[in-house]
Amino acid sequence: MRVLQIASEAVPFAKTGGLADVAGALPAALQQLGCQTTLVLPAYRSVFGKGLPIEQTDLRFPVAVGTRSLEAAVFTCRLPDDGGQIFLIGNDHCFDRDSLYGTPEDYADNAERFIFFSRAALELAARQPEPFDIIHCHDWQTGLVPAYQKLLYNSWPTLGQARTVLTIHNMAYQGQFWHWDMLLTGFHWKYFNWQQMEFYGQLNMLKAGIVFADKLTTVSPTYAREIQAAPGGNGLEGVLAGRAADLVGIVNGIDTAAWNPRTDAHIPRHYGEDDVDDGKYTARVALAARLGHAAPDTRPLVAFVGRLAEQKGVGLILDLINRMAGSGLAHFMILGTGDPAVEQALRTVAASYPGTVDVVIGFDETLAHLIQAAADILLMPSQYEPCGLAQLYAFRYGTIPVVRATGGLVDTVIDTNDQTLADGTASGFVFEAFESAALEEAVRRAVAARGDHDRWRELVRRVMGQDWSWQASARRYREVYEQTLAAPPVAVADVE
């Protein structure tokens, strides 16, 4: 099976979020399952400063964007993990910029940039010696690819018989643009209608992908259900409900080489299930020294590592600390960056409870790994969470997550109670309401459970033995590809 992956970012080339982790890891996992995988990415300016073995090819070709013709210059790279062929599409006008999408405001011509990229990726695929069976695109930046394949490239020998799969990583980002940007796409205006590409008078690239793709996936089964209703669908819930039979949720995998306490270069002592107590204590000593404490705290360490935003439930965490820090039941550790007002509020609460609350503003890879190794409990009280990775990292390090019942958190964390302890399925502590009192109740349950050493140790051993590798996720994607190939392509509706 030949698979073409098209994404706007991928590790180690460019990253702004979880999309890059998926696009960077999935090709190599698919290769191991026998899929011949090709990954196509934009050649951003920042890509060339990473020391990667990138070479320019002789391949150049024009790409029509509205009435203009932009040249695509093709680069190639092959990484040591055998993730298949990698192509990068360069164009200085589109990609020679300071950031991927614009910071803090989006670039005004993002529609033009990713229309160019989508068409260029298919033009590149059309020039390959063998046809592709699956074209797998990711998020709004490549949402027009399924439409291009069906409407403009359906008679091309290398593309016409392919099936398209669109993965939705986050419904909050849809690629909505001025309706006149429709002129840049090359599509007939008849497709700018409420059933296909139009959304409240705007061009919606993600909607186009949802309508024209043969199969849809998202990053967890629960999120697949949540986006078919308000508010999870962010206005496209009706379109998604209409494609429910073609929508599959697959939990993301994690890099089990980078996140492995047995080999992690970021932690002072390697450990596994049999010596987790020793490993965590050594990490706790190193963390205390890093934070300027004379010795590690003997209380349970409750941590948060992530983006400081309301979506991540940081407001609930602030309330939790203010309610619990004076109780003496736990020590709190926060690492992250984000909303300046939240950052200042965290600094203030840390100053109010010295020795009980530590806050580090910023992102530090070594510190993130060290906290996962040292902590007993990880907080993830997200308002919504399509998949979530931090809880999967926590499992690897024997850290027990406290999560809100949403998205991928529901699919990966099983609440700890007498029944789940007895049947061996418990893996964390789950609460329902997006309220600080509900979070506090769950944290108090976790802290109390930490006091029973034997039961806690058994819980820790169980979560450390779970398999959340990309190999497991890739097997599900391959099943989806096979199902897609066995079914007829989605018909293009003729909407008046």
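With values rounded to the nearest 0.5 angstrom, E9 atom CD is found 8.5 Å from K15 atom NZ. Interatomic distance, D467 CG to L392 CG, rounded to the nearest 0.5 Å: 11.0 Å. Remark: D139 CG to L19 CG distance equals 5.5 Å, nearest 0.5 Å. Note that CD of Q466 and OG1 of T412 are 8.5 Å apart. Values are rounded to the nearest 0.5 Å. Remark: F192 CZ to N204 CG distance equals 9.5 Å, nearest 0.5 Å.
For the pair D376 and I400, the minimum side-chain heavy-atom distance is 4.5 Å or more. Contact of the K215 side chain with the Y481 side chain is not registered, since no non-hydrogen atoms from C-beta on lie closer than 4.5 Å. Residues I377 and V443 have side chains not in contact (no heavy-atom distance under 4.5 Å, counting atoms from C-beta outward). Counting only heavy atoms from C-beta outward, the side chains of F212 and L151 approach each other to under 4.5 Å. Residues V413 and F395 meet the side-chain proximity criterion, which asks for heavy atoms closer than 4.5 Å. The side-chain heavy atoms of M1 and L485, taken from C-beta on, include a pair separated by under 4.5 Å. When side chains are defined from C-beta on, I135 counts as touching L122, because their heavy atoms get closer than 4.5 Å. Counting only heavy atoms from C-beta outward, the side chains of Q228 and L247 approach each other to under 4.5 Å.
Here the side chain of R113 pairs a donor or acceptor atom with the backbone of C94 at under 3.5 angstrom. At least one donor-acceptor pair under 3.5 Å links the side chain of T420 to the backbone N or O of D415. A side-chain donor-acceptor contact under 3.5 Å links R163 to the backbone of A487. Checked by atom type and distance alone, the side chain of Q174 pairs as donor or acceptor with a backbone atom of M171 at under 3.5 Å. With hydrogens and angles ignored, the 3.5 Å screen pairs a side-chain donor or acceptor of R445 with a backbone N or O of T416. Listed for the N234 side chain is a donor-acceptor partner under 3.5 Å among the backbone atoms of G232. One N or O on the side chain of R127 and one on the backbone of E123 form a donor-acceptor pair closer than 3.5 Å. Of the possible polar contacts, one joining the R243 side chain to the D214 backbone as a donor-acceptor pair under 3.5 Å is found. Under the 3.5 Å distance criterion, the side-chain polar atoms of K207 are left unmatched by any main-chain donor or acceptor of F199.
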Task: Verdict with reasoning, R396 to D264, per salt bridge (Lys or Arg N to Asp or Glu O under 4.0 Å) - done: CA-CA 11 Å; R396 296 280 285 171; D264 193 340; over 6 Å; no
- [ ] Report the C-alpha distance between E273 and R462 in whole Å, list the side-chain angles of each, state the deciding distance to 0.1 Å, and finish with yes or no for salt bridge (Lys or Arg N to Asp or Glu O under 4.0 Å).
- [x] CA-CA 9 Å; E273 293 98 326; R462 185 181 302 120; over 6 Å; no
Open item on the list: Using salt bridge (Lys or Arg N to Asp or Glu O under 4.0 Å), reason through R475 and E479 one step at a time and then give a plain yes or no.
Closed with: CA-CA 6 Å; R475 285 192 289 271; E479 290 173 3; over 6 Å; no
Task: Verdict with supporting geometry, Y393 and W259, ring-ring contact (aromatic ring centres under 6.0 Å, His included) - done: CA-CA 6 Å; Y393 301 151; W259 295 92; 3.9 Å; yes
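Between H136 and Y477, the two ring planes are tilted [angle within 30° to 60°]. Classified by interplanar angle (parallel below 30°, tilted 30° to 60°, perpendicular above 60°), the ring pair Y191/F187 is perpendicular. The aromatic rings of F114 and Y101 sit tilted relative to each other, their planes meeting at an angle between 30° and 60°.
The number of heavy atoms from other shown groups lying within 6.0 Å of OH (Y173) does not exceed 12. Applying the 6.0 Å contact sphere to CD of E365 captures more than 12 heavy atoms from other residues, nucleotides or ligands. The neighbour count for W180 CH2, taken as heavy atoms of other residues, nucleotides or ligands under 6.0 Å away, does not exceed 12.
For Q383 and E310, the side-chain atoms include no donor-acceptor pair closer than 3.5 Å. Checking Q149 against T164 by side-chain atom types alone, no donor-acceptor pair falls below 3.5 Å. In this model, a donor atom of one side chain and an acceptor atom of the other lie less than 3.5 Å apart for D411 and T222. Looking only at atom types and distance, the side chain of E226 has a donor-acceptor partner in the side chain of T406 under 3.5 Å away. Donor-acceptor pairing under 3.5 Å is lacking for the side chains of Y153 and T158. A donor and an acceptor atom, one from each side chain of S118 and T142, are nowhere located under 3.5 Å apart.
A salt bridge links R45 with D96; the closest basic N to acidic carboxylate O contact falls under 4.0 Å.
Between W140 and F177, the ring center distance clears the sub-6.0 Å criterion.
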